[in-house]
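A short worksheet on the structure shown next.
Every number for a ligand or one of its atoms is a count from 1 in the order of the listing.
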Amino acid sequence: MDLYGQDSETVDGEQDLFKPEYKKYKRKDIKLDLGDVIDFTKQNNMDIVQEIVLQESQHPAVRGLKPVKEWKSYAIKGFPGFIFIRNPFEDGHQRYWIERCVLDYPNKPSKTILDNLVDMSNVSDVWLTSQKESGSNITNKDSLIMKLRWATMGYNYEWNSRAYYDEMKSQFPSDLHELCRFIASTIGYHNFSAETAIVNYYHMSGDMGPHKDISEIDHDAPLLSFSFGQDALFLLGGLTKATKPVCLSLHSGDVCIMYGDCRLVYHAVPRILSADKDNLKHCYNFNEDSPYHGNKTSEENDPKSPDVSEGLAARRQEVQWGLFSQYVQCTRINMNVRQVLPPGGTNIADYPQPVCPSVNCKTGKTSSIHNDTEQTQS
Ligand SMILES: O=C(O)CCC(=O)C(=O)O
Ligand SMILES: [Fe+2]
């Protein structure tokens, strides 16, 4: 029995030290103890982290990122290959990525959980449809946007077979590709090719169970993970569950990189927590006078963005920014970007597919990677 009255479990003859930590942070019936959590904003548990200096990127500057020499980056002792960059975005610029994740990325050609849940044949714009159907009730659990838990872009992941297929692929958004290529280059990986992304949308009761991301063919390239909106606790473990994970508090703008020894380790998101409102404002600035305010379209904000469709400016005019802000205040967004193929690869069919364990790499379920505490207790 551990401190929380749970039996410790064994996996393949080894003691599972991951699950007890996951359960500890997930449980809502006991007071959350953040004593062991690494929190870079509060400088908590800094003895187990080490500040590192990243190199200048070899790629053209990406709008909205601070100069690399101003980034605060860290490694975690005992977890080689994991790199944490504390919010490298200029004040207000996260707004651009949050808009992309909420207003654009859930629409075709992305695949989303909504395709499995409702008839999407007449829905070309998830946000505007939600706004029309739910109005001021948009953060009600039944609105379309609140049912959105994930969207996949580029190579669309097939949850049942846990694989990618050449036939299930769309063009990867080039703004996100450029952002990732720039950041990957700062850790010495200069030719990162963003080929697939899962955008995860968590509400306050959401979480993601322990898993490894092994379905990509190439595991030498880093995996880049961006957090926006509400905060999350993130558990970082080892190659097996016998490693006791560390827990990090992730805030809006933070970037986690899983690379090298860390690319295939267990990880999980046991808990979503409310972000500090002032900090969030400063990150995505919803003030009318912000240069990133939605009355200006994203393409006006960022003329370099090549992925904006023709109707985007018109669509942005229809967005009710008060409702948009309400949604972000109860949501954490994670952009999880990976390279699928080895450098120079063009077809996934040319490679043997990695074999996932007999249960889903994510949660043991086939339909969704997300848990909602109200619905499932794992
Ligand atoms: O939400 C996160 O920070 C992690 C998401 C994740 O691990 C995944 O999508 O595979
Ligand atoms: Fe993951």
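- Proximity of the aromatic rings of Phe228 and Phe89 is defined here by a centroid distance below 6.0 angstrom, and this criterion is met.
- Against a heavy-atom cut-off of under 4.0 Å, His267 is close to the following atoms of ligand 1: 7 (O).
- There is a side-chain donor-acceptor pair under 3.5 Å between Ser215 and Tyr157.
- Residue pairs that meet the ring-ring contact (aromatic ring centres under 6.0 Å, His included) test with at least one member in residues 45-79, sequence neighbours left out, are Phe40-Tyr74.
- Close approach to Tyr202 involves these atoms of ligand 1, each under 4.0 Å from a residue heavy atom: 1 (O), 2 (C), 4 (C), 5 (C).
- In this structure, a donor-acceptor pair under 3.5 Å is present between the side chains of His267 and Asp213.
- Short contacts between ligand 1 and Arg338, defined as distances under 4.0 Å to a heavy atom of the residue, involve ligand atoms 8 (C), 9 (O), 10 (O).
- A salt bridge links Lys72 with Glu51: the distance from a Lys NZ or Arg NE/NH1/NH2 to an Asp or Glu carboxylate oxygen falls below 4.0 Å.
- Every atom of ligand 1 with a heavy atom of Arg332 under 4.0 Å away is listed here by number and element: 1 (O), 2 (C), 3 (O).
- Atoms of ligand 1 found under 4.0 Å from any heavy atom of Val269, numbered from 1 in the order shown, are 1 (O), 2 (C), 3 (O), 4 (C).
- Applying the 4.0 Å criterion to heavy atoms of Asp213 picks out, from ligand 1, the atoms 10 (O).
- One finds an angle of 90° at the Fe ion (ligand 2) between NE2 on His267 and OD2 on Asp213, to the nearest 10 degrees.
- Heavy-atom contacts from other residues, nucleotides or ligands closer than 6.0 Å to NZ of Lys244 number 12 or fewer.
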